[in-house]
Amino acid sequence: MDKKLKIKTNLFIYINIFFLASCSSYLSTSNYSSNQEKSTFWGSDKEVLYGINGHSVRVNRGEYTSQYNQFSIKEQVDFLKKLGVNIYRTDIYFNETGFFNGPDSPGKFEELIKLTKEAKIEVLPILSTYPWMKTYEDPTEPFLIGKDWNYPELIPHLKLLNLNGKKYIQSLEIWQHYFNRGLKSGVLFAATYGKDLMYYNTGNEIAYYISKMYPHPDNPIQNPTGEDSEKFFISTYGGDDITDFFSTEEHARRMVAATAYVKGLIDGIKSEDKEAKCIISDGKANFGFFKFLDFMDVDYDIIGWNWYEGNFNQYNYKLHGLNVYEKLSKLEKGTPIWITETNRFAGSRNYSEETVYHAELDQANDIRDYVKELSSLDNVGAVIVYELLDQEYKFETRWEDYYGLITSPFPDKSFARLKPAFDMYRYTIEELKYGNEDFVYFALNQSFKGNLNDQLLIHWNMKFQEMSNRELFLKNLLDESENYIQSEVKKEYKKDELNKMVDSIFQMTLERKPTKRERRYSRRYLSENINPQNLQIELMLSAEYWQNAIWSG
């Protein structure tokens with residue numbers, strides 16, 4: 001990492017405030033029940049991938065300056081390694097001619113693949129599907145409709161959803177044109193990079209883009225753009241049915257062209273990379289889009305969903321009361337589901353008259369809550385936060401600028417700093433993946449004064465799995481260890497003697513001195529609990545001890 005890079009982080013301040021203010025309800029173990037089942041412990045047996053989004057291969061264009069260009073590819077990968085992510089999702093501007101967004105893009109992508117592979121991180125390229133987005137007025141590449149396009153004839157085929165309808169759509173010139181373009185793009189990309197890739201994001205927010213960028217003629221708002229157009233589409237046509245995306249001729253053309261391109265793209269990739277796993281991402285309530293993909297035999301493997309709020313597995317009043325997780329799980333290819341984007345809405349932007357400091361804490365807390373909720377669902381195989389760096393988009397909505405876990409490196413990278421969300425996400429990944437293992441290792445390392453070996457680790461890991469709670473595990477562990485006060489507390493002990501004993505227990509357990517309040521409470525505790533081991537166990541069941549164990553992991 002460049003020595004000039006001054007990333008500033010108030011880690012302990014942020015984390016401690018977070019735990020004291022909002023996390024005690026489920027991480028505090030001072031009132032831990034000895035009957036608590038081990039299934040409620042942090043750490044999960046379910047394999048979930050955790051990732052981050054980025055824009056490493058983007059180039060500057062017009063007023064847009066890619067903030068990622070302030071950091072080398074190596075520096076970006078160093079951030080990924082520090083986070084502990086498995087997946088790096090990044091957009092790739094690629095078509096049948098190769099990269100088309102800048103002369104440096106191929107070299108950057110190749111370096112990214114090389115360095116992430118060494119770090120055992122998977123690159124998830126979002127392959128652009130821009131050809132079907134071209135407007136009629138584009139002089140360099142007009143949107144092709146075809147001489148055989150017949151909207152009134154198309155609609156009855158969609159309502160029947162039979163084999164004849166599928167054959168009819170696939171015979172259209174518009175379908176053939178965009179399918180072939182996608183096929184060539186997929187073949188070229190996989191033939192060039194497939195040996196180093198496992199996953200391909202073959203389409204991102206296509207249905208959302210169509211509903212947002214092509215205003216519906218019945219929209220009561222004059223000349224609606226952006227969110228106004230998209231909100232109307234949701235409230236009027238929902239998105240749950242295929243025909244919602246064919247309610248006008250313009251939407252129908254875009255949907256047919258987009259689906260054809262994506263089907264060709266996937267077929268091309270899989271012709272070169274037999275092990276490829278293809279993901280198509282969308283969001284909102286656009287289930288009808290996936291129903292159309294299934295009807296047209298698009299060979300994707302994973303449903304991707306972009307979700308910027310809670311209640312993924314609850315009835316959502318914004319989306320007609322639908323339970324998004326249930327709807328996705330019931331689709332033809334409803335499992336696995338990947339959350340390809342998530343974050344607090346607008347990231348750390350101060351949109352509730354908060355201070356920047358509190359907005360950044362809110363972002364950190366929401367990321368923790370969302371990642372925890374989403375990763376616990378049976379069908380969810382990956383959770384990917386959006387995004388690594390703040391970006392000044394300019395050409396998009398102002399809400400886009402503050403999603404990063406690191407502040408904008410503008411005008412140069414010395415201005416960047418880690419937000420609390422960076423360390424919170426890093427902590428959450430470690431806790432969800434290795435929480436129990438970190439706890440066992442930390443307790444062993446303390447109890448046996450670092451004299452650990454493989455046999456001890458295996459033995460106590462098995463014990464932890466067999467026992468129903470942490471308290472019983474710790475009692476067994478301390479009985480066999482060398483690192484606790486073994487003498488009983490006598491009633492005639494003086495205050496100074498008790499203070500020394502309390503200080504010793506705090507030092508060996510939490511590696512710090514107790515506060516005056518803690519010392520007073522602990523003296524009283526020892527007078528009521530003759531065995532000082534009980535105080536040590538009480539401290540080892542605390543949120544602070546758990547937190548120390550995770551960070552040591």
Side-chain angles (χ1 to χ4, degrees), residues 91-101 124-136 138 140-146 148-149 151 154 158 165-194 197 199-214 242 245-246 249-273 276-283 286 288-304 333 340:
D91 47 344
I92 305 296
Y93 296 79
F94 194 94
N95 62 17
E96 67 268 35
T97 67
F99 280 93
F100 61 85
N101 65 325
L124 173 59
I126 311 170
L127 292 170
S128 59
T129 51
Y130 281 151
W132 60 268
M133 296 182 184
K134 296 293 185 181
T135 63
Y136 302 141
D138 187 340
T140 61
E141 188 179 358
F143 181 73
L144 186 139
I145 300 171
D148 57 353
W149 175 263
Y151 178 62
L154 173 68
L158 288 174
K166 186 187 308 180
K167 289 181 177 178
Y168 171 77
I169 294 171
Q170 292 180 348
S171 71
L172 294 174
E173 189 178 348
I174 187 174
W175 178 279
Q176 292 292 325
H177 175 78
Y178 288 104
F179 174 85
N180 287 330
R181 291 197 61 181
L183 184 70
K184 292 175 183 177
S185 300
V187 167
L188 179 59
F189 187 80
T192 308
Y193 302 108
L197 298 172
Y199 304 105
Y200 302 77
N201 207 154
T202 48
N204 181 57
E205 295 187 344
I206 290 173
Y208 171 68
Y209 182 92
I210 291 173
S211 62
K212 182 175 76 169
M213 299 305 294
Y214 300 98
I242 289 176
F245 296 96
F246 290 82
E249 188 167 1
E250 181 68 69
H251 290 103
R253 289 168 175 165
R254 301 291 169 176
M255 183 58 64
V256 170
T259 303
Y261 189 88
V262 169
K263 179 172 172 55
L265 185 63
I266 293 175
D267 288 355
I269 288 170
K270 292 191 174 184
S271 71
E272 295 292 328
D273 182 357
K277 298 296 181 185
C278 294
I279 304 157
I280 299 177
S281 304
D282 220 282
N286 295 326
F289 170 54
F290 282 88
K291 292 176 182 178
F292 185 62
L293 294 173
D294 294 339
F295 172 57
M296 298 306 297
D297 294 329
V298 178
D299 190 22
Y300 65 98
D301 303 283
I302 298 167
I303 293 175
K333 295 182 181 178
T340 41

Does [X] reach the side chain of [Y], with side-chain heavy atoms less than 4.5 Å apart?
X: L197; Y: F189; result: yes
X: L144; Y: Y178; result: yes
X: V298; Y: T202; result: no
X: W149; Y: L154; result: yes
X: D294; Y: Y300; result: yes
X: F289; Y: Y208; result: no
X: I92; Y: Y200; result: no
X: V187; Y: S271; result: yes

Could you check K270, K277, K333 and say which one makes a side-chain hydrogen bond (donor to acceptor under 3.5 Å, both in side chains) with D301?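 One option only clears the test, and that one is K270.
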Can you spot which of E250, R254, H251, R253 makes a side-chain hydrogen bond (donor to acceptor under 3.5 Å, both in side chains) with Y214?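 Between Y214 and the candidates, side-chain hydrogen bond (donor to acceptor under 3.5 Å, both in side chains) is satisfied uniquely by R254.
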Specify the closest pair of heavy atoms between [X] and [Y], including all atoms of both residues, with the distance to one decimal.
X: G203; Y: T129; answer: CA-CG2, 4.2 Å
X: L172; Y: D148; answer: CA-OD2, 3.4 Å
X: K263; Y: M296; answer: CD-O, 3.6 Å
X: S185; Y: E96; answer: OG-N, 2.8 Å
X: S128; Y: Y261; answer: O-CE2, 3.9 Å
X: L183; Y: G268; answer: CD1-N, 3.5 Å

How long is the span from the [atom1] atom in [X] to the [atom2] atom in [Y], to the nearest 0.5 Å?
X: K184; Y: N95; atom1: NZ; atom2: CG; result: 11.0 Å
X: I280; Y: L293; atom1: CD1; atom2: CG; result: 4.5 Å
X: I269; Y: L127; atom1: CD1; atom2: CG; result: 5.0 Å

Under 30°, 30 to 60°, or over 60°: which ring-plane class applies to [X] and [Y], parallel, tilted or perpendicular?
X: F179; Y: W175; value: parallel
X: F295; Y: F292; value: tilted
X: Y193; Y: F94; value: perpendicular

Has N201 got a side-chain atom pairing as donor or acceptor with L124's backbone, closer than 3.5 angstrom? no
Do Y209 and D282 pair up side chain to side chain, a donor and an acceptor below 3.5 Å, judged on atom types alone?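 Their side chains do not contain a donor-acceptor pair, so the 3.5 Å distance test is not met.
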N286 and I206: side-chain contact (heavy atoms from CB on, under 4.5 Å), yes or no, with the steps? CA-CA 9 Å; N286 295 326; I206 290 173; over 6 Å; no
Quick one: side-chain hydrogen bond (donor to acceptor under 3.5 Å, both in side chains) partners of K166, sequence neighbours excluded?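 With neighbours one apart ignored, the set is D297.
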